[in-house]
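Convention: sequence-line order gives letters A, B, ...; per-chain numbering from 1. Below, all heavy atoms of this structure are taken into account, side chains as well, without hydrogens, waters or symmetry copies. Just so you know, these numbers come straight off a predicted model, no measurement behind them.
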Amino acid sequence: SQQGEEDPQALSIQEGENATMNCSYKTSINNLQWYRQNSGRGLVHLILIRSNEREKHSGRLRVTLDTSKKSSSLLITASRAADTASYFCATFRGGGGNKLTFGTGTQLKVEL
Amino acid sequence: DAGVIQSPRHEVTEMGQEVTLRCKPISGHDYLFWYRQTMMRGLELLIYFNNNVPIDDSGMPEDRFSAKMPNASFSTLKIQPSEPRDSAVYFCASSPRDSSYNEQFFGPGTRLTVL
């Protein structure tokens with residue numbers, strides 16, 4: 001699998017439900033970031049979690065990181081139609097340079 | 001701040017033609033990245049610059065692709081000659097610093113179609 005592979009590839013839920021997306025990666029990391037991409041637009045940064053952190057919250061977003069399993073999850077609570085987008089995880093390895101490696105993305109559709 | 005600016009937003013050209021994509025990063029950002037996004041390959045990093053100097057161009061597909069950053073406020077990605085397989089959305093992104101908080105700010109992208 002690729003560095004930063006999201007699961008599931010696509011997710012369809014009803015408004016008000018929670019959405020959970022997972023990301024797996026292969027190498028050690030300095031931090032992991034989640035981005036959102038609305039159709040036809042650029043990516044927008046949502047949240048960053050460092051390798052020494054296990055959980056982070058931002059509004060309706062909750063991110064967890066398990067470095068032993070090399071995995072992260074993004075939870076969006078009380079989803080809204082406006083949350084419909086693709087969500088990508090991106091890993092930063094550190095050690096010089098400033099390169100992010102993006103995953104394959106999860107397409108989330110929130111229906112009214 | 002206007003954010004990262006890219007031009008053109010859409011480009012349609014014929015195979016063999018030269019294509020130049022342009023990017024203006026956010027003022028004060030030290031890093032600039034060029035990405036390509038396709039359905040088949042996802043989001044790929046092509047090249048990135050730090051303080052106008054190319055740092056990693058290992059993602060540039062082949063010699064037909066070249067990128068420059070003549071100053072801190074402008075970068076170009078050139079494809080010469082273009083081929084149909086170059087059709088994709090090309091994103092430019094910038095980042096303020098190399099630290100443990102290295103969020104990238106993306107432009108709206110240029111949708112390139114090579115006929």
Side-chain angles (χ1 to χ4, degrees), chain A residues 1-10 21 23-25 27-53 56 58 61 63 65 67 85-107, chain B residues 2-7 9-10 21 23-26 29-60 88-112:
Chain A
S1 63
Q2 300 178 41
Q3 177 82 345
E5 192 166 290
E6 285 87 342
D7 166 53
Q9 287 189 324
M21 289 158 270
C23 168
S24 60
Y25 58 91
T27 62
S28 61
I29 60 171
N30 176 287
N31 68 58
L32 185 144
Q33 305 177 27
W34 285 90
Y35 287 78
R36 183 188 73 227
Q37 184 179 30
N38 290 91
S39 180
R41 312 287 281 272
L43 281 73
V44 175
H45 181 268
L46 295 176
I47 193 166
L48 178 151
I49 186 165
R50 295 182 175 81
S51 59
N52 61 354
E53 298 176 312
K56 204 161 184 181
S58 177
L61 303 180
V63 170
L65 179 64
T67 53
S86 292
Y87 291 81
F88 295 86
C89 67
T91 53
F92 175 59
R93 296 182 62 178
N98 199 19
K99 185 174 166 177
L100 292 180
T101 302
F102 283 84
T104 51
T106 292
Q107 286 189 315
Chain B
V4 175
I5 298 172
Q6 292 187 247
S7 65
R9 293 294 310 278
H10 302 272
L21 311 181
C23 174
K24 177 179 168 55
I26 294 173
H29 281 193
D30 298 331
Y31 286 84
L32 183 139
F33 306 82
W34 282 102
Y35 291 90
R36 176 172 69 177
Q37 187 177 40
T38 62
M39 289 294 292
M40 290 298 295
R41 301 174 69 92
L43 192 67
E44 303 173 277
L45 176 66
L46 300 177
I47 185 172
Y48 79 93
F49 296 82
N50 179 21
N51 292 323
N52 314 336
V53 176
I55 301 301
D56 185 344
D57 65 354
S58 59
M60 295 287 262
V89 181
Y90 291 81
F91 288 102
C92 175
S94 67
S95 182
R97 57 188 170 221
D98 179 8
S99 71
S100 63
Y101 193 83
N102 56 339
E103 168 188 354
Q104 293 187 12
F105 295 78
F106 281 74
T110 295
R111 182 173 294 277
L112 173 64

Student: One pair to check against side-chain contact (heavy atoms from CB on, under 4.5 Å): B:Tyr48 and A:Lys99. What are the steps and the verdict?
Tutor: CA-CA 8 Å; B:Tyr48 79 93; A:Lys99 185 174 166 177; 4.0 Å; yes
Student: Could you tell me whether the side chains of B:Asn102 and A:Asn31 share a donor-acceptor contact shorter than 3.5 Å?
Tutor: yes
Student: Considering only heavy atoms, which portion of B:Tyr35 lies under 4.5 Å from any heavy atom of chain A: side chain, backbone, both, or neither?
Tutor: side chain
Student: Take atom CD of A:Gln107 as the centre, draw a 6.0 Å sphere, and report whether it contains more than 12 heavy atoms from other residues, nucleotides or ligands.
Tutor: no
Student: Which region of B:Asn50, side chain (C-beta onward) or backbone (N, CA, C, O), has a non-hydrogen atom less than 4.5 Å from a non-hydrogen atom of chain A, or is it both or neither?
Tutor: neither
Student: Could you tell me which portion of B:Ile55 (side chain, backbone, both or neither) has an atom closer than 4.5 angstrom to a non-hydrogen atom of chain A?
Tutor: neither
Student: Test side-chain contact (heavy atoms from CB on, under 4.5 Å) on B:Leu43 and A:Leu43; report intermediate values, then the result.
Tutor: CA-CA 10 Å; B:Leu43 192 67; A:Leu43 281 73; 3.9 Å; yes
Student: Kindly indicate, with the supporting measurements, whether the criterion side-chain contact (heavy atoms from CB on, under 4.5 Å) is fulfilled by B:Gln37 and A:Phe102.
Tutor: CA-CA 11 Å; B:Gln37 187 177 40; A:Phe102 283 84; over 6 Å; no
Student: Nearest 0.5 Å, what's the CD-CG distance between B:Glu103 and A:Leu46?
Tutor: 9.5 Å
Student: If you define the side chain from C-beta out and look only at heavy atoms, does anything of A:Leu100 sit under 4.5 Å from B:Gln104?
Tutor: yes
Student: Is it the case that more than 12 heavy atoms not belonging to A:Gln9 sit under 6.0 Å from its CD atom?
Tutor: no
Student: So for B:Thr110, is it side chain, backbone, both, or neither that comes closer than 4.5 Å to the heavy atoms of chain A?
Tutor: neither
Student: Count the heavy-atom pairs under 4.5 Å between each of A:Gln37, A:Arg41, A:His45 and chain B, then report the option with the highest count.
Tutor: A:His45
